Amino acid sequence: MNETEQDFTKAYNKAIVSGIQHLLNRDEASLISFSDMKKLLKPENECYEGIKTVPVAAIVGSEDRYKDFDKEFFPKNIHLKSRWERIDDAHRKDIILPPINLYELGGLYFVRDGNHRVSVAKAMGVEFIDAEVVSLKTEIKLKPGLSYQKMKKQVINYEKRVFYSETNFGDITDYWCLDFSATGQYDVIYNHILTHKYYINQNQ
C-alpha cells in the first residue's frame with residue numbers, strides 16, 4: 001500500500017469510527033447541507049468576494065456532497081478513493097491546485113466545488129486554503145463545530161433576542177420564556193402584535 005492509499009484508508013476509517021460513535025445521534029457527525037442553512041437563515045442577497053485565503057476549520061458544509069463526507073470532511077464512501085488519492089498525491093508533491101469555490105454564510109463556509117480538496121486539506125492538517133468566495137448576507141453569525149440542530153437553536157435564540165428587544169414583550173408581560181422549536185415563529189408573533197396595534201389605533 002503506497003502513501004496516498006494509506007492516507008485515504010486512515011481518513012476513511014476515521015469517518016467509520018465517527019459514524020459508530022454517533023450512531024444514536026447522526027446529526028452530530030453529519031456534514032451540513034448548504035441548502036438547509038439557506039432555508040434556516042434566509043439571506044437576502046449575495047456578493048462576490050473574489051479570491052481569499054480561508055481557514056479550513058471554518059469550512060463546515062457542502063452544497064451537494066454533504067452525504068459523501070462526515071462532519072470533519074473525512075470520506076464516507078469508498079467510491080471517493082480514486083479522486084481523493086490523486087489530490088492527496090498532488091498535495092504530497094506540492095503541486096499547486098486551483099482555488100476551491102465556497103459560499104460564505106453566517107461567517108462559515110460551504111463548498112460549491114472542491115470537496116475532495118477540502119477533505120485532503122483537513123486530513124493533512126492544512127490550516128488555510130485559497131478559495132473563490134460568494135458571500136450571502138445575514139446578520140446572524142454562526143459558530144464552527146456545531147451540528148445543524150445546534151446551529152438551528154442558535155438562530156432561534158437570536159430571533160428571540162431581537163423579538164424581545166424590538167417589542168419590549170418581556171417588560172410589558174413579565175414573561176421571558178416565550179420559546180419555539182422552529183425558526184421564523186417570533187416574526188409570526190410580531191406580525192400579530194403589529195396587526196393588533198393597528199386595530200387598536202383604529203378604535204376597533
Side-chain angles (χ1 to χ4, degrees), residues 8 11-12 14-16 18-19 21-22 25-77 79-81 83-84 86-88 90-91 96-159 182-184:
F8 177 82
Y12 179 67
K14 285 182 178 179
I16 292 176
S18 178
Q21 290 175 334
H22 298 92
N25 190 356
R26 296 185 183 276
D27 180 63
E28 292 288 339
S30 298
L31 194 61
I32 296 173
S33 161
F34 175 67
S35 176
D36 288 346
M37 291 307 300
K38 278 184 67 179
K39 292 176 183 176
L40 195 62
L41 294 178
K42 299 179 176 63
E44 295 182 358
N45 51 53
E46 61 181 53
C47 176
Y48 178 69
E49 299 284 346
I51 305 295
K52 301 173 66 174
T53 300
V54 172
V56 174
I59 304 174
V60 302
S62 176
E63 182 177 29
D64 57 5
R65 303 297 295 273
Y66 54 90
K67 292 184 179 180
D68 287 336
F69 302 88
D70 75 355
K71 183 181 179 181
E72 301 300 327
F73 262 95
F74 292 129
K76 293 167 61 177
N77 297 309
H79 74 263
L80 304 172
K81 184 175 187 289
R83 187 173 180 184
W84 199 99
R86 287 199 303 271
I87 294 171
D88 185 50
H91 172 79
I96 298 176
L97 298 174
I100 61 174
N101 297 96
L102 299 175
Y103 286 113
E104 183 273 324
L105 180 61
L108 301 178
Y109 296 91
F110 301 80
V111 181
R112 300 174 65 191
D113 181 61
N115 292 278
H116 291 76
R117 280 171 280 172
V118 174
S119 180
V120 170
K122 289 211 174 193
M124 296 297 104
V126 175
E127 294 186 5
F128 297 95
I129 192 168
D130 290 333
E132 189 172 10
V133 178
V134 173
S135 178
L136 284 76
K137 300 304 179 182
T138 175
E139 294 180 358
I140 303 175
K141 296 301 178 185
L142 300 170
K143 298 176 182 178
L146 300 181
S147 66
Y148 171 78
Q149 290 301 326
K150 289 181 179 177
M151 287 189 182
K152 180 179 177 181
K153 182 64 176 175
Q154 188 180 347
V155 173
I156 293 171
N157 288 340
Y158 171 84
E159 293 178 345
T183 59

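Computed from a predicted model, the values in this text were never measured in an experiment.
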State, yes or no, whether a side-chain contact exists between [X] and [Y] at a heavy-atom distance under 4.5 Å.
X      : Y      : value
Glu28  : His22  : yes
Leu102 : Lys52  : no
Pro43  : Leu105 : yes
Leu41  : Leu142 : yes
Gln154 : Lys143 : yes
Asp130 : Ile100 : no
Glu104 : Leu136 : no
Met124 : His91  : yes

Open item on the list: Can a side-chain donor-acceptor contact be found between Glu132 and Asn101 if the only test is distance below 3.5 angstrom?
Closed with: yes

- [ ] For His116 and Arg83, run side-chain contact (heavy atoms from CB on, under 4.5 Å): C-alpha distance rounded to whole Å, both residues' side-chain angles, the deciding distance at 0.1 Å, then the answer.
- [x] CA-CA 7 Å; His116 291 76; Arg83 187 173 180 184; 3.8 Å; yes

Exam field: side chain [X] to backbone [Y], donor-acceptor pair closer than 3.5 Å:
X      : Y      : value
Ser119 : Asn115 : no
Lys42  : Thr138 : no
Lys71  : Gly145 : yes
Asp70  : Ser18  : no

Open item on the list: Between Phe110 and Tyr103, is the ring centroid distance below 6.0 Å?
Closed with: no

Are there over 12 heavy-atom neighbours, none belonging to [X], within less than 6.0 Å of that residue's [atom1]?
X     : atom1 : result
Lys81 : NZ    : yes
Ile51 : CD1   : yes
Lys67 : NZ    : no
Lys39 : NZ    : no

Open item on the list: Ring-plane angle category for Phe73 and Phe69, please: parallel below 30°, perpendicular beyond 60°, tilted otherwise.
Closed with: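 The rings of Phe73 and Phe69 sit tilted, inter-plane angle from 30° to 60°.
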
- [ ] Begin with the C-alpha distance, continue with both residues' side-chain angles, and end with the deciding distance and a verdict on side-chain contact (heavy atoms from CB on, under 4.5 Å) for Met151 and Val155.
- [x] CA-CA 6 Å; Met151 287 189 182; Val155 173; 5.6 Å; no

- [ ] Answer yes or no: is there an ion pair linking Arg112 with Glu46, defined by an N-O contact shorter than 4.0 Å?
- [x]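 Salt bridge between Arg112 and Glu46, a charged N being under 4.0 Å from a carboxylate O: no.
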
Open item on the list: Between Asn45 and Cys47, does the side-chain contact (heavy atoms from CB on, under 4.5 Å) criterion hold? Intermediate values first, please.
Closed with: CA-CA 7 Å; Asn45 51 53; Cys47 176; 5.8 Å; no

How long is the gap from [atom1] on [X] to [atom2] on [Y], to the nearest 0.5 Å?
X      : Y      : atom1 : atom2 : answer
Ile59  : Ile32  : CD1   : CD1   : 13.0 Å
Ile16  : Lys76  : CD1   : NZ    : 11.0 Å
Ser135 : Tyr109 : OG    : OH    : 7.5 Å
Tyr158 : Lys141 : OH    : NZ    : 10.0 Å
Glu72  : Lys14  : CD    : NZ    : 9.5 Å
Lys153 : Thr183 : NZ    : OG1   : 12.0 Å

Task: Ile129 vs Thr53, side-chain contact (heavy atoms from CB on, under 4.5 Å): CA-CA, chis, key distance, verdict - done: CA-CA 6 Å; Ile129 192 168; Thr53 300; over 6 Å; no

Task: Member of Leu80, Val118, Val111 meeting the side chain to side chain contact (heavy atoms under 4.5 Å, CB included) criterion with Arg65 - done: Leu80

